[in-house]
Number of protein chains: 2
Amino acid sequence: MVSSTAAVSKRLKNYIDLTEQELDTLSRMIGPSRMISAGGEIVHEGQSGHRAFILQDGWVMSYKLLPEGARQIIDFQVPGDFLGLRSLLLRTSDHSFEAVTDVLVGEVKAQDMLSAFSSAPRLAMSILWSVSCDEAMVVEHLVNIGRRSAIERTAHFLLELGARLRSIGVGDAQGYPCPLSQYQLADTLGLSAIHINRVLRQLREQNLVTFQKGVVQFNDLKKLTELAEFEMGYLDQVGPVLVS
Amino acid sequence: MVSSTAAVSKRLKNYIDLTEQELDTLSRMIGPSRMISAGGEIVHEGQSGHRAFILQDGWVMSYKLLPEGARQIIDFQVPGDFLGLRSLLLRTSDHSFEAVTDVLVGEVKAQDMLSAFSSAPRLAMSILWSVSCDEAMVVEHLVNIGRRSAIERTAHFLLELGARLRSIGVGDAQGYPCPLSQYQLADTLGLSAIHINRVLRQLREQNLVTFQKGVVQFNDLKKLTELAEFEMGYLDQVGPVLVS
DNA sequence: CGCTGAGTTGACCATAGTCAAGCACTGTGG
DNA sequence: CCACAGTGCTTGACTATGGTCAACTCAGCG
């Protein structure tokens, strides 16, 4: 059984090592956990009200739908990530959140977060850092879709996901478990599902990565990284300047 | 001659009507203006240090370069926009800023902004709102590139730009001045410059928009909006919840 | 045992990229 | 004043990347 803060604290520790007391403040900030089953909607079109969530277990995606029915997935959230935090701090573009797998989320009320922030500023800092990484990832996603070919895009995406998961202790240089369907991959990368399938085959046949049956397996990490021009600088950045 | 706050205050007034005193605080927050000529670099790869800029006159673009030399333009800034504010608050993905036209910027030191914030919280709120809009635009940009065809993308972009400019009092339903080259348009929309040229011709021949000689002219705003599925909801949103 | 949904594959088509050439305008130096 | 180089725009011809349609497999499930 996972403690409600296990994933988050692991994630935040990538930025600064929080004290016992700060971790305690963190866990008191999180309200009761709620279970949502795969496919369930968590937030519809950004209407989250005055609360955010911490994802404790499972995968979530944020996406936008176009009038015609096309879907663009903005980002995936993995355990330890915040949901709707940006929309609480900043109010972002209205997008929806949906559970990709069965999911466990802890609710955070704006009020509770504010008081946690004033009693533990280093905690506030590390959470801001986490938001900051999300930001950077959206920009990188834009670059990925705008200026890379289908095969480079896909490679880049699988590598980025791997790096994120490793930061919360999931998977290793060999690979990681990945519950995404090819349709979701397609809507993330701005491609058709059919083409994603072809691209995955190519990657497999060139012995770079294998993504099958819910597992991503790196066959040649070095060549894959070169193909994707992957640089993970934007994932572990130096954190907010203003607050330090 | 433009006062140093003319554009910014016009922009912020779209969110709340600032008082004389708040406008005064705003103008004292802004340091000496600096002139940068077209093509000049303003911030290189996010290394802005502890300061941001307010764009008083001219156009700026933020972009990322890929190792191979490809360029993805993330966003354009027009008068009244902040430069590097997000990277000061949050530290975003490392991208560079370059002047598109000759440009006038006012420097803002982190320290000065903080004290302005504490003496005028409503000002802080409206600036956060402005950051929030930038956010929303990056997400919308992602959707645009990921899920729309070349012609829809281009139409959407020209409409968005028009809406932004109108909010600072530039242009009208007929059109607006636009100093962007077709190369810049291409790198914004994830297309080749040559294809952008073809798309612009199509839009012109179908009597939807004309973009020539630095002027965008809407020929049929209604049909263009339909083609692009343009909804400007994300541009004038309700603003930060937390602070209100 | 027949659904359903995800994944595969092939054939064909269309959108967008590449290459190449030429035009118009501007600013510079002879 | 003219020749020029440079830059941005334009067009055509050809190519290729990725989309669409259709059919089939396979696993899970009532």
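Computation of the quantities below employed the complete heavy-atom set of this structure, encompassing side-chain atoms and omitting hydrogens, waters and symmetry-equivalent molecules. In the text below, chain A, chain B and the rest are named by the order of the sequence lines, each starting its count at 1.
Using a 4.5 Å heavy-atom threshold, the side chains of B:Val216 and B:Leu161 count as separate. By the 4.5 Å heavy-atom criterion applied to side chains, B:Gln206 and B:Ile151 are counted as neighbours.
Residue-level contact check: A:Leu191 touches the backbone only, with heavy atoms under 4.0 Å from sugar-phosphate atoms and none from bases. B:Gly190 comes within 4.0 angstrom of the backbone, heavy atoms only, and of no base.
Spacing between atom CD of B:Gln202 and atom C1' of D:dG12 amounts to 16 Å, rounded to whole angstrom units. We find that NE2 of B:His195 is positioned 19 Å from P of D:dC14, with the value rounded to whole Å. B:Glu205 has its CD atom 11 Å from the P atom of D:dT10, to the nearest Å. The distance between atom CZ of A:Arg153 and atom C1' of D:dG19, rounded to the nearest whole Å, is 13 Å. If you take NZ of B:Lys213 and C1' of D:dC9, they are 10 Å apart, rounded to a whole angstrom. Nucleotide D:dA22 holds its P atom 11 Å from the CD1 atom of A:Ile194, rounded to whole Å.
Checking the phosphate oxygens (OP1, OP2) of C:dT8, a side-chain nitrogen or oxygen of A:Asn197 falls inside 4.0 Å. In this structure, A:Gln212 reaches the C:dT8 phosphate: one of its side-chain N or O atoms is under 4.0 Å from OP1 or OP2. Phosphate contact (OP1/OP2 of D:dG8, side-chain N/O of B:Gln184, threshold under 4.0 Å): absent.
Using modelled atom types, one side-chain atom of A:His141 and one backbone atom of A:Thr188 make a donor-acceptor pair closer than 3.5 Å.
A donor-acceptor contact under 3.5 Å is not formed by the side chain of A:Arg198 with the base of C:dG10. Within 3.5 Å, no donor on the side chain of A:Arg201 pairs with an acceptor on the base of C:dG7, nor the reverse.
Taken to the nearest 0.5 Å, the CZ atom of B:Phe218 stands 10.0 Å off from the CD atom of B:Gln174.
Counting only heavy atoms from C-beta on, B:Gln182 has its side chain closest to D:dT10 among D:dT10, C:dG7, C:dT18. Counting only heavy atoms from C-beta on, B:Ser181 has its side chain closest to D:dG8 among D:dG8, C:dG7, C:dT9. Distance from the side chain of A:Ser192 is smallest for D:dG19 among the nucleotides D:dA22, D:dT11, D:dG19.
Taking for each of B:Ile151 and A:Arg204 the nucleotide of DNA chain C with the nearest heavy atom, the 5'-most of the two is the partner of A:Arg204. Between A:Ile196 and B:Phe211, the residue whose closest nucleotide on DNA chain D is further toward the 5' end is B:Phe211.
Judged purely by distance below 3.5 Å, without hydrogens or angles, the side chains of B:Arg198 and B:His195 pair a donor atom with an acceptor atom.
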